[in-house]
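Written below as structure tokens is the structure these notes are about.
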Amino acid sequence: MSQDIQQDHNRFLKALDGWRRSHNCGRLRAEDNGAEVCLMGWAQHRRDHGGLIFVDLRDRYGLTQVVFSPEAAPEAHAEAHILRSEYVLAVKGRVRPRPEGMTNPAMNTGEIEVLVHEWKLLGTSKTPPFPIEDRTEAGENLRLQWRYLDLRRPRMAKNLELRHTTARAVRNYLDEQGFLEIETPFLTRSTPEGARDFLVPSRLNPGDFYALPQSPQIFKQLLMVAGLDRYFQIARCFRDEDLRADRQPEFTQIDLEMSFVDEERVMELAEGLVARIWEDVLGIKLAPPFARMSYDEAMSRWGVDKPDTRFGMELVDVTAAVRSSAFNLFAKAELVKAMKVEGGESLSRKDIDDYTEFVKIYGAQGLAWIKIRENEWQSPIAKFLSEGERAAIAQALDLRVGDLVFFQAGAADMVNAALGNLRVHLAEKLGLIPEGQFNFLWVTDFPLFEYDAEEQRYVACHHPFTSPRAQDAELLRTTPERAKARAYDLVLNGSEIGGGSIRNHTAEGQRAMFSALGFDAEEAESRFGFLIQALEQGAPPHGGIAFGLDRLTMLLAGAQSIRDVIAFPKTQKASCLMTQAPAGVSAKQLRELGLRLRETEKKA
RNA sequence: GGAGCAGUAGUUAAGUCGGUUAUAACGCCGGCCUGUCACGCCGGAGGCCGAGGGUUCGAGUCCCUUCUGCUCCGCCA
């Protein structure tokens, strides 16, 4: 629509002048018949019959049909011809039942309509860049550019409401459990371990930088030393790493910490919290305790540390069965694993080629397969397998005619990643994942360290404040790779939704950890001296857990992307299409901060 | 840092082997219409085919570069 029409229609704008909403647009029912009401909202659809004009009035609660009739209110009717999509209006009128056979069962308010006797135009609108409806999905770049219009769509508004309900359940539950909600700083110091920090230059201290917190980890531990006992925070966290469908540079954690507890107490509390969320948000009663599995078992059976246990297709280690095979690729491999697809014989050559491409993402060279036919094993590799090897494989996988087996051989990390991810990919393709099921799983006994080949040292799997199991404390000095952590992740349907640990609460334990990470005493002192000091001042045993609120909400809402449960998310390049952030700053601002850009990077 | 997919009217998409004036639906504008509800009917406007370069008699279509969005690998204690 042209600008001219909107400007012309602006002549009709009126002030509220004391008008007050009596109901929202999702509320009126047949029993409200005869009520005098005042509704306000946006014009969703206008159906102008020349005589009667119907308008679906929308707010975040729903739609109500309002009727302008030339007989009932000639003046109101005459002016209603100007109404356009997304105009904002207030109507006063009487609720009446719709005529026989004219009810709309698809609408909550479909049994009634509001016969308007007076109305006001509160706001005009240009024609929206995309329709404000659930059933039409605009491109994501448009939605992000016009985010406030996208959020007008019922599905998006619903997601934000669900997020609110989740946060409310968290606050209520933790309050009842004696937790204090305490804020920790956004402007803090950069810590070398972990993700890349977002840095904030300090004007008052030229050359120095704050870092935005990757998590409130150290502060919440200091709160335990302070004796605050039970802390929680719905905390914004920042990590300057690349984005994914479930990863944003700023995200929200439900972060909590408890004193005088071991793993069991933290997990029990977390189960209660999750159960409360599911009850308040979905009305579903969960039955804790949740299943548990060690990290080693998860990797062995599922190839990933966050298994989706809603379906089978477990991985089977057949390394021993093919150890002396004529097939060199198998015989020489560090690890050979197999995965059976029941009835997979029907997969086409094209399907298998696609899956081969899929596993290459994880560094696989190819994907070996065997179709179990009535009288033969159809496969490019069958000729390499002896009778004994076939028998061993058939038994390990309980093979039947009609099955298909995929194999992956090579370095253990690659084999697990390739088959573990192929398993999920296949299950999605083949429709093997049951709907409406919530499989919670604790994964425990993580390794404390993993070796970083690039840095040539051990790095913490969880974070450097995690405590080793008591029986593994000695291993930190001798064989750190064998030490297990007192850490636990909560996995839901193959997504990690939370993770935590029991921390090192003695300075000695924490020093041993830093030493295993390759920091010398001086380095540990300069980077984490304040924490070590605190641990020397009467620190209680403590531990905690943090849940990703965004990911949790995404799963509760059944959303495909974390962006659908965040009001104003960033794109994959971490920019905001609405505000155009990030953007250049003025020379004056840079001068004040004592910063200078390279010529090629200047924008302003 | 790397791989893949996508970008055509306001929107969503089609566009064959490189060939006339680039289609459709919805939306928008005008007209008609008193029971519609994704109202209906008639008419109309609307295009830098993401951008730049190249090949060609001729490019939405082929090639190169680049930008943007999405998915993934690396990364994310």
Side-chain angles (χ1 to χ4, degrees), chain A residues 1-2 4-6 44-57 63-72 77 84-86 98-107 109-110 113 115 126-146 191-197 214-215 217-218 237-249 251 357-364 414 417-418 421 425 446 448-450 452 454-455 458-466 485 487 496 499 501 513 517 546 548 560-561 563 570-573 575 577:
Chain A
M1 178 184 26
S2 75
D4 303 345
I5 290 178
Q6 185 185 13
Q44 169 90 5
H45 294 114
R46 176 198 47 158
R47 295 176 292 278
D48 186 340
H49 288 239
L52 286 177
I53 299 172
F54 299 94
V55 170
D56 290 334
L57 199 62
L63 287 175
T64 299
Q65 173 167 287
V66 300
V67 188
F68 300 85
S69 154
E71 283 90 33
H77 174 266
R84 297 292 189 277
S85 285
E86 300 308 313
R98 296 195 188 181
E100 195 69 28
M102 298 294 167
T103 59
N104 184 345
M107 290 170 82
T109 59
E113 62 193 13
L115 181 64
K126 291 186 185 177
T127 303
F130 53 85
I132 313 296
E133 291 172 326
D134 281 344
R135 67 192 160 79
T136 45
E137 196 77 4
E140 188 139 16
N141 51 348
L142 257 194
R143 292 173 56 204
L144 291 173
Q145 192 181 337
W146 303 85
T191 52
E193 294 289 285
R196 191 177 289 115
D197 284 321
Q214 299 174 26
S215 94
Q217 182 60 35
I218 294 177
C237 303
F238 306 85
R239 292 178 192 173
D240 189 6
E241 296 292 346
D242 287 358
L243 286 72
R244 290 284 189 279
D246 62 352
R247 260 162 45 187
Q248 284 273 307
F251 60 101
E357 285 307 304
F358 179 84
V359 295
K360 285 182 180 171
I361 297 171
Y362 300 96
M414 181 280 290
N421 287 294
H425 183 67
F446 281 83
L448 189 58
F449 302 101
E450 59 194 343
D452 186 322
E454 204 173 308
E455 291 198 42
Y458 289 103
V459 296
C461 275
H462 185 56
H463 58 52
F465 315 109
T466 300
E496 180 199 330
S501 65
M513 185 72 184
L517 288 168
Q560 293 302 304
S561 157
R563 295 181 299 278
K570 307 264 189 301
T571 70
Q572 195 161 39
K573 285 196 71 185
S575 64
L577 295 181

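Heavy-atom basis, side chains included; hydrogens, waters and symmetry copies ignored. Labels below follow one simple rule: chain letters A, B, ... track the order of the sequence lines, proteins then strands, and each chain is numbered from 1. Because the structure is predicted, anything quoted here is derived from the model rather than measured.
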Let me see the working for Thr136(A) and Phe130(A) under side-chain contact (heavy atoms from CB on, under 4.5 Å), right down to the final yes or no.
CA-CA 8 Å; Thr136(A) 45; Phe130(A) 53 85; over 6 Å; no
Rounded interatomic separation in angstrom, taking CD from Glu357(A) and P from rC5(B):
11 Å
Taking the P atom in each of rA9(B) and rG15(B), what is the distance between them to the nearest angstrom?
15 Å
Roughly how many Å apart are rA24(B) and rA14(B), using the P atom of each and rounding to a whole number?
16 Å
Within the 3.5 Å criterion, strictly below it, is a donor on Arg47(A) or Gln65(A) matched to an acceptor on the partner's side chain?
yes
Applying a 4.0 Å non-hydrogen cut-off, can you work out what Gly139(A) is touching in the nucleic acid: base, sugar-phosphate, or nothing?
sugar-phosphate
Rounded distance (Å) that lies between atom C1' of rU36(B) and atom CZ of Arg98(A)
9 Å
Round to a whole Å and report the spacing from NZ of Lys126(A) to P of rC29(B).
14 Å
What nucleic acid atoms does Pro464(A) come within less than 4.0 Å of, heavy atoms only: base, sugar-phosphate, or nothing?
base
With a non-hydrogen cut-off below 4.0 angstrom, is Pro70(A) in contact with a base, only sugar-phosphate, or nothing?
base
P spacing across the pair rG7(B) / rC49(B), given as an integer number of angstrom
14 Å
Does this structure show an ion pair linking Glu133(A) with Arg135(A), if we count only N-O contacts that are shorter than 4.0 Å?
yes
Classify the nucleic acid contact of Ser69(A) as base, sugar-phosphate or nothing, counting any heavy atom under 4.0 Å across all strands shown.
nothing
With sugar-phosphate meaning primed atoms plus P, OP1 and OP2, does Leu142(A) contact a base, only sugar-phosphate, or nothing at under 4.0 Å between heavy atoms?
sugar-phosphate
Quick one: look up who rU21(B) pairs with, Watson-Crick or G-U, both distances under 3.5 Å, and put none if it's unpaired.
none
Atom P, compared across rC48(B) and rG43(B): separation rounded to whole Å
26 Å
On a plain distance test, is the side chain of Glu113(A) in donor-acceptor contact with the base of rG35(B) below 3.5 Å?
yes
Rounded to the Å, how far apart are Leu63(A) CG and rU36(B) C1'?
14 Å
Within a strict 4.5 Å, meaning less than it, do heavy atoms of the Ile132(A) and Glu86(A) side chains meet?
yes
rU12(B) and rG27(B), which share atom name P, separated by this distance in whole Å
15 Å
Expressed in angstrom and rounded to an integer, what is the separation of Phe68(A) atom CZ from rC33(B) atom C1'?
18 Å
Could you tell me which nucleotide pairs with rG44(B) by Watson-Crick or G-U wobble geometry, both distances under 3.5 Å, or answer none if nothing does?
rC28(B)
Are the side chain of Thr109(A) and the backbone N or O of Leu63(A) linked by a donor-acceptor pair below 3.5 Å?
yes
Which atoms form the tightest heavy-atom contact between Asp48(A) and Ile53(A), and what is the distance?
OD1-CG1, 3.5 Å
If pairing requires Watson-Crick or G-U wobble contacts with both distances under 3.5 Å, which nucleotide is the partner of rG7(B)?
rC67(B)
Could you go through His45(A) and Val55(A), starting from their C-alpha distance and side-chain angles, then the distance that decides it, and tell me whether this counts as side-chain contact (heavy atoms from CB on, under 4.5 Å)?
CA-CA 6 Å; His45(A) 294 114; Val55(A) 170; over 6 Å; no
Does rG60(B) have a Watson-Crick or wobble partner in any strand here, with both distances under 3.5 angstrom, and which is it?
none
Decide, applying a 5.5 Å centre-distance limit and a 30° plane-angle limit (both strict), whether Phe130(A) stacks on rU11(B).
no
Does the protein touch nucleotides 65-76 of chain B at the base, only the backbone, or not at all? Give it as B, S and - per nucleotide, heavy atoms under 4.0 Å.
---SSBBBBBBB
Gln44(A) side chain to Leu57(A) main-chain N or O, any donor-acceptor pair under 3.5 Å?
no
Spacing of the P atoms in rG44(B) and rU8(B) (rounded, Å):
26 Å
Rounded to whole Å, CD of Gln145(A) lies from C1' of rG7(B) at a distance of 14 Å
I'd like the P distance from rG50(B) over to rA6(B), given in whole Å.
13 Å
Classify the side chain of Glu137(A) versus the base of rU12(B) as yes if they form a donor-acceptor pair under 3.5 Å and no if they do not.
no
Taking atom P in both rC73(B) and rU11(B), compute the distance separating them and give it to the nearest angstrom.
31 Å
Indicate the ring-plane relationship of Phe54(A) and His49(A), choosing parallel, tilted or perpendicular according to the 30° and 60° boundaries.
perpendicular
Is there any protein nitrogen or oxygen under 3.5 Å from a nitrogen or oxygen in nucleotides 38-40 of chain B, and what are the pairs?
from, atom 1, to, atom 2, distance (Å)
rA38(B), O4', Arg135(A), NH2, 3.2
rA38(B), N1, Arg135(A), NH1, 3.4
rA38(B), N3, Arg135(A), NH1, 2.8
rA38(B), N3, Arg135(A), NH2, 3.4
rC39(B), OP2, Arg47(A), NH1, 3.0
rC39(B), N4, Asp48(A), O, 2.8

Would you say Arg196(A)'s side chain and Asp240(A)'s backbone share a donor-acceptor pair under 3.5 angstrom?
yes
Quick one: Ile53(A) CD1 to rG35(B) P, roughly how many Å, whole number?
13 Å
Test your reading of the model: is there a side-chain donor-acceptor pair from Arg247(A) to the backbone of Asp242(A), 3.5 Å cut-off?
yes
Take atom CD1 of Ile132(A) and atom C1' of rC26(B), then tell me their distance rounded to the nearest Å.
14 Å
Treating Ser215(A) as the side-chain partner and Gln217(A) as the backbone partner, does any N or O pair qualify as donor plus acceptor under 3.5 Å?
yes
